[in-house]
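We count residues from 1, following the sequence as given.
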Amino acid sequence: MNEQNIPEKFKIKPQHSNHYLINGELRKWDGNTTEVYSVIKTPNKQGEIGPTFLGTVPDMGEKTALEAVESANKAYNRGKGAWPTMSVSDRLKCMEIFVEKMKLHREEVVKLLMWEICKNKTDSYKEFDRTIDYILNTIEAYKNIDRKGAKFDSQDGVLAHIRRGPIGVVLCLGPYNYPLNETFCLLIPAIIMGNTAIFKPAKIGVLLITPLLKAFQESFPPGVVNILFGRGRSIASPIMKTGIIDVMALIGHSSSAVSLQDLHPNKNRLRLVLGLEAKNPGIVLPDADLEHAVKECISGSLSFNGQRCTALKVLYVHESIVNSFNELFTKAVDNLKFGMPWEDTFLTPLPEKSKPEYIQELISDATKYGAKVINKKGGELSDNFSFPAVLYPVNDKMRLFHEEQFGPIIPIIPYTDIDMPLNDMAASNYGQQVSLFGENIDDLGPLIDALANLVCRVNLNSACQRGPDVYPFAGRKNSAVSTLSVYDALRSFSIRTFVAAKNSSKNKKIIENLLDSKVSNFVTTEYLL
Ligand code: G3H
């Protein structure tokens, strides 16, 4: 990449990030560090072209991980801490302060998203803005939940004041493809409900968190948010072994979730909030509007180069239309533009160094079992990119049929009997979403009835996606545990807890006094505006 072709605004200088957040202190790190590189190549000081050096981040280990656990545990203080006992309105004020401070870092974070994970400019801005909206919507959703609890029920002579309370200490681990948005979709609802948290950024997309450390420090009481840097196995493993974690919130692979969960000495009391792998199918019925289906399958399978858990990762196309579909689809794929994130092209470099090689492995495995790359540019390699490859016909002998490719390679499977995709879905380890393309309601109706029981969202003539964030984001089998959405996440990170009293005149008087005096933040009928 010639430096002159990079817009001034998006040029980057290495930054050495040596702070982390524990117990409300931005502590300076003097230990080992990890160098962060972008796969985007630029000339170094000696003029040699290579991966761009973006800076360094701390490489922490067990000692610091345990300090973070101690800090989060102290702030929670078995439910007695200032944060879990604080009034909801005061917690919301802290979050409002945070979101205002966060907004100030939009440009820095977006630039780092482009360099670290190579997300294109539009989608990088979208990720930041969507996260801000998510926080603001979460504040409103919590007010709504709280308003519903601002009353006493009376049943069979028992008065009850039912609310939602925090669970305890949360470990938050996010993914590299949405290092800001998906991580904050865990962290924000977790803390707003009164939990305390330890958060470690993903393996790629780390520097972009550093501009926000101060905002976290200045907005929340000490120990509520603790931020560490380093490898999962050096940080998350010792944290889980302490048994202090009450909720493990992770967006990533089920194998990581299972091995971390196994380290907890009291698994029965560990709550899981997990967004995991998926292999969402697109099913194209004989009467589908082909041009429209192709358009949706392109965005569904190749937005952010296919690196989305919601991406369409296998296409089942009815045999009667598969040739026409393949012709239109391969042409559309070959017309996609590849470029640098700031050029705002649809296709951008792959941030994981090993991904192009993995894609090539999948291609050679599939071709061994009879598939062909059917688009002209499919699999063409450059330094940090493998052009999207469309493989046809794919079958269950191939790795591509089973593995979540999470990259630019699209398997197409012809079918004659609709039971074939349905049976494959039932046998698969995944169950997140499906896209169904067709128009005849007599076919669609019974299919939707079956599909809704195999996945958690049936997208009609539309690509799979998580948003809008107010809708439930869930999955069956290996694809998720718990439901996330602006509203559901607040439930996932809390538990119903209540005060009950026999309806005697003495108890009524005590409750009236509690309400009038405002000495309890829990027993309150204050209506949040
Ligand atoms: O990686 C999985 C994300 O949750 C997908 O979200 O559908 O908004 O891209 P998205």
Side-chain angles (χ1 to χ4, degrees), residues 113-114 116-131 134 173-186 202-205 208 250-254 256 274-282 295-315 333 336 338 341 344-352 355-356 358-359 362 385-390 400 403-411 428-435 455-459 462-469 471-476 478-480 484-485:
L113 271 170
M114 290 198 275
E116 286 193 272
I117 64 158
C118 308
K119 191 168 273 191
N120 75 25
K121 186 170 76 177
T122 303
D123 287 347
S124 293
Y125 278 111
K126 216 190 271 170
E127 177 160 352
F128 189 91
D129 297 340
R130 178 180 177 183
T131 309
Y134 192 93
L173 303 166
Y176 83 81
N177 64 335
Y178 281 92
L180 182 76
N181 181 262
E182 292 230 307
T183 315
F184 279 36
C185 289
L186 300 175
K203 60 176 177 177
I204 318 175
L208 61 93
L250 175 148
I251 308 275
H253 202 271
S254 56
S256 326
L274 309 175
L276 306 170
E277 64 273 22
K279 187 101 183 168
N280 293 342
K295 196 172 127 244
E296 289 293 312
C297 288
I298 291 282
S299 86
S301 58
L302 289 172
S303 296
F304 194 36
N305 310 302
Q307 303 164 116
R308 294 160 59 235
C309 62
T310 49
L312 285 174
K313 298 198 179 97
V314 54
L315 302 179
V333 171
L336 295 173
F338 169 75
D344 224 10
T345 47
F346 189 76
L347 304 171
T348 50
L350 301 172
E352 288 174 295
K355 195 48 87 58
Y358 171 64
I359 301 284
L362 291 181
F385 191 64
S386 169
F387 197 89
V390 185
L400 187 53
E403 293 176 24
E404 185 199 35
Q405 63 267 42
F406 217 76
I409 175 165
I410 310 126
S428 133
N429 281 327
Y430 314 109
Q432 192 198 60
Q433 301 187 15
V434 65
S435 289
V455 294
C456 288
R457 174 166 165 166
V458 180
N459 298 279
S462 316
C464 296
Q465 62 178 42
R466 174 179 174 147
D469 288 327
Y471 290 154
F473 182 50
R476 298 171 189 263
N478 285 8
S479 288
L484 293 171
S485 76

Q | is_close_aromatic(Phe338, Phe385), centroid dist under 6.0 Å | A | yes

Q | side chain to side chain contact (heavy atoms under 4.5 Å, CB included) partners for Asp123, two or more places apart | A | Lys119, Asn120, Lys126

(Q) If the test is side chain to side chain donor-acceptor pair (under 3.5 Å), which one of Gln405, Glu403, Glu352 qualifies with Tyr358? (A) Glu403

Q. Which residues satisfy the side chain to side chain contact (heavy atoms under 4.5 Å, CB included) test with Pro356, sequence neighbours excluded?
A. Leu350, Leu381, Ser386

Q. Taking side chain as C-beta onward, heavy atoms only, is Asn280 less than 4.5 Å from Ser435?
A. no

Q. Do any pairs count as a salt bridge (charged side-chain N to carboxylate O under 4.0 Å, His left out) and have a residue in residues 296-312, sequence neighbours left out, and if so which ones?
A. none

Q. Atom SG in Cys309, atom CZ in Phe406: separation rounded to 0.5 Å?
A. 6.5 Å

Q.
So, using side-chain hydrogen bond (donor to acceptor under 3.5 Å, both in side chains) as the criterion, who are the partners of Gln465 when residues are at least two apart?
A. none

Q: Kindly write out the residues that satisfy side chain to side chain contact (heavy atoms under 4.5 Å, CB included) with Ser428, not counting sequence neighbours, or none if the list is empty.
A: Tyr430

(Q) Just to verify, what does Glu116 make a salt bridge (charged side-chain N to carboxylate O under 4.0 Å, His left out) with, not counting sequence neighbours? (A) none

Q.
With side chain to side chain donor-acceptor pair (under 3.5 Å) as the test, pick out the partner of Arg466 among Gln433, Gln432, Glu182.
A. Glu182

Q) If you take all heavy atoms of Ile204 and Pro351, which pair is closest and at what distance? A) CD1-O, 3.8 Å

